[in-house]
Amino acid sequence: MTGVNFAISETGGIVVCTNEGNADLGTSLPKLHIACMGIEKIIPKLEDLSIFTRLLARSATGQPITTYTTHYHAPVRDGEMHIVIVDNGRSEILANEKYIKSLQCIRCGACINTCPIYRRSGGYSYGYTIPGPIGSTLGASHDIKKNYTLPFACSLCASCTNICPVKVDLHEQLYLHRQDVVSAGLLGKTKHRALKIATFVMKYPFLMDLSGKIARKIVPMLPRSLIYSKYNIWGKNRELPKFPKKSFKELYKERQNELKK
Amino acid sequence: MNSKNSILESIKKAKLKPTPRPTLEIEHVEYENKDEQFSTVLKSVGGLASWIKSGESIENFIENNYDNLGTIATNLNLDITHIKINDIDDPHFLKDTDLSVIKGEFAVAENGAVWVREKNNKNRAIYFIARKLLILVPKGEIVDSMHEAYKRIDFKDGGFGTFISGPSKTADIEQALVIVAHGAIECKVLFV
């Protein structure tokens, strides 16, 4: 059994790209080859492969082409070849303008290799089968209830969007998914309330300054059991930083005054 | 409704706007010396390109370039002890092949790949199971880029074809490219 990198509408064949030769050997010895692919793998013409075969390896490992780029239009001698085409939620993405570009993905891995988060944590640490920024948007599209945390595990730095060879608007999709998570009521109540309060406070600079001042005075005096109560989800596995005496704004003003002198 | 129709129905429901097929109007790369470019790139992906010298036979080349060879498998009529790939019924018997001598149609200068499409070969496993590959390409059969390559390829009569660029490798672990995985450990391209 293999996956499929590209399926060619014009010729009715499939292309599997590997560096190892594992898929190639695996399809050459047995009599039966079953290839599974999503509907978005289909490209119109054979000549279009000239673009895609160049893009794929260059964007993945920086190689000029994968070691093996194998074109299947028939089974092995006396054998059988079956191509299974699945939808599995893709047509829903196709109908959704916000996420349609995620179907352009050629699975090169450039986004995961550039992502400051996935570069550190590796492939499967976030639970969805497809790793990386593209997996975070596809996972959320596929089952937002199960994967609602994925769009938040992102700093929106846009490195993935900049590097994507097929121009998937990755960080923008993750930003939109966050809004879907909130509208679907999937964000935890505590986090939802905390964000509501924060929004209110940040709307009024005076309130923001005041609450900062109070927090800097009071929080260091509070007992640990109160600060790290069950409502402080952030503090579950993390220590709060030491509270400074003055805010950035106060320090900045002081400095400006000093410079004037 | 069968699953094919239900997929097609839901695609129709997406109401996609028809988009014209984009045309490619870019100048593709061209090399002054295609042979040199091919040789350089193939070397960078772990392979080796050679040109047969005048008076040298393929048999001479094999004798001079390989030591302690065991089984050689090929469909060519070589004057050297070998097994015929097409005489083997079960491709698993090819597993002890040390060197496989195959024919490539043309080489691609930009990426060190060779297009292999031997329509009469009965065991495609030989491309991936042999320890070492020797691909014979006719001298001068070399194109600049994949854009030119696909102009030379068609699948009107179906079948199988593969681009091979150097020996097998893997980058699955820590994104570091390591040469030698499931396929050949060595890949030489000989222009004859």
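Residue numbering restarts at 1 for every chain, and letters A, B, ... go by the order of the sequence lines.
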Handout entry: Heavy-atom closest pair, residues Ser10(B) and Ser91(A)
Key =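 Scanning both residues completely, I find the closest heavy atoms to be OG-OG, 3.3 Å.
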Handout entry: Nearest heavy atoms of Thr61(A) and Ala171(B), plus distance in Å
Key =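 Looks like CG2-CB, 3.4 Å.
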Practice task
Mind ranking Gly161(B), Gly158(B), Ala125(B), Pro91(B) by heavy-atom pairs under 4.5 Å with chain A and telling me who comes out on top?
Solution key: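 When all of Gly161(B), Gly158(B), Ala125(B), Pro91(B) are compared, Gly161(B) has the most.
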Exercise for the section: Look only at the side chain of Arg77(A) and the backbone of Lys122(B), and say whether a donor-acceptor pair between them is shorter than 3.5 Å. Expected result: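 Yes, because the side chain of Arg77(A) sits within donor-acceptor range (under 3.5 Å) of the backbone of Lys122(B).
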Is it the side chain or the backbone of [X] that comes within 4.5 Å of chain A heavy atoms, both, or neither?
X         : result
Leu16(B)  : side chain
Ile153(B) : both
Ile11(B)  : both
Ala113(B) : side chain
Asp90(B)  : neither
Asp89(B)  : both

Practice task
Return the set of residues passing side-chain hydrogen bond (donor to acceptor under 3.5 Å, both in side chains) with Ser59(A) (not counting sequence neighbours), or none when no residue passes.
Solution key: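 Checked Ser59(A) against side-chain hydrogen bond (donor to acceptor under 3.5 Å, both in side chains); zero matches.
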Quick one: does [X]'s side chain get under 4.5 Å of [Y]'s, heavy atoms only?
X         : Y        : result
Tyr150(B) : Asp48(A) : no
Val86(A)  : Ile7(B)  : no
Tyr127(B) : Thr70(A) : no

Practice task
Using the side chain to side chain donor-acceptor pair (under 3.5 Å) rule, take Thr170(B) and Glu20(A) through it: C-alpha gap first, then chi angles, then the decisive distance, then the call.
Solution key: CA-CA 5 Å; Thr170(B) 186; Glu20(A) 292 82 358; 2.6 Å; yes
Practice task
Run the salt-bridge test on Glu47(A) and Arg21(B) with the 4.0 Å N-O cut-off and return the result as yes or no.
Solution key: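 Counted as a salt bridge, because a side-chain N and a carboxylate O are separated by less than 4.0 Å.
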Residue part contacting chain B, namely of [X], when any heavy atom lies under 4.5 Å:
X        : value
Ile93(A) : neither
Thr66(A) : backbone
Ile39(A) : side chain

Problem - Distance (rounded to the nearest 0.5 Å) between Leu25(A) CG and His182(B) NE2 - result: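 Answer for the CG-NE2 pair, Leu25(A) versus His182(B), is 8.0 Å.
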Exercise for the section: Just say parallel, tilted or perpendicular for the rings of His71(A) and Trp115(B), cut-offs at 30° and 60°. Expected result: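 Because their plane-to-plane angle is over 60°, the rings of His71(A) and Trp115(B) count as perpendicular.
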Practice task
For the pair Ile51(A) and Leu24(B), evaluate side-chain contact (heavy atoms from CB on, under 4.5 Å) and give the outcome as yes or no after the intermediate values.
Solution key: CA-CA 10 Å; Ile51(A) 296 173; Leu24(B) 262 187; 3.5 Å; yes
Problem - Within residues 52-79 of chain B, residues adjacent to chain A where the heavy-atom gap is under 4.5 Å - result: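 Residues qualifying by a heavy atom under 4.5 Å from chain A are absent, so none.
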Handout entry: With His28(B) via ring-ring contact (aromatic ring centres under 6.0 Å, His included) - residues at least two apart
Key =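 Counting only residues at least two positions away or on another chain, His28(B) forms a ring-ring contact (aromatic ring centres under 6.0 Å, His included) with His147(B).
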Handout entry: Pairs involving residues 99-114 of chain B, ordered by first then second residue, that meet side chain to side chain donor-acceptor pair (under 3.5 Å) (sequence neighbours left out)
Key =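 The answer is Arg54(A)-Glu110(B).
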Surrounding [atom1] of [X] (heavy atoms of other residues, nucleotides or ligands, distance under 6.0 Å), is the total greater than 12?
X         : atom1 : result
Phe6(A)   : CZ    : yes
Lys98(A)  : NZ    : yes
Lys43(B)  : NZ    : no
Lys151(B) : NZ    : no

Handout entry: is_close_aromatic(Phe163(B), Tyr68(A)), centroid dist under 6.0 Å
Key =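 So the answer is no for these two rings.
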Exercise for the section: Walk me through it: do Val108(B) and Ile65(A) pass the test side-chain contact (heavy atoms from CB on, under 4.5 Å)? Expected result: CA-CA 10 Å; Val108(B) 187; Ile65(A) 188 174; over 6 Å; no
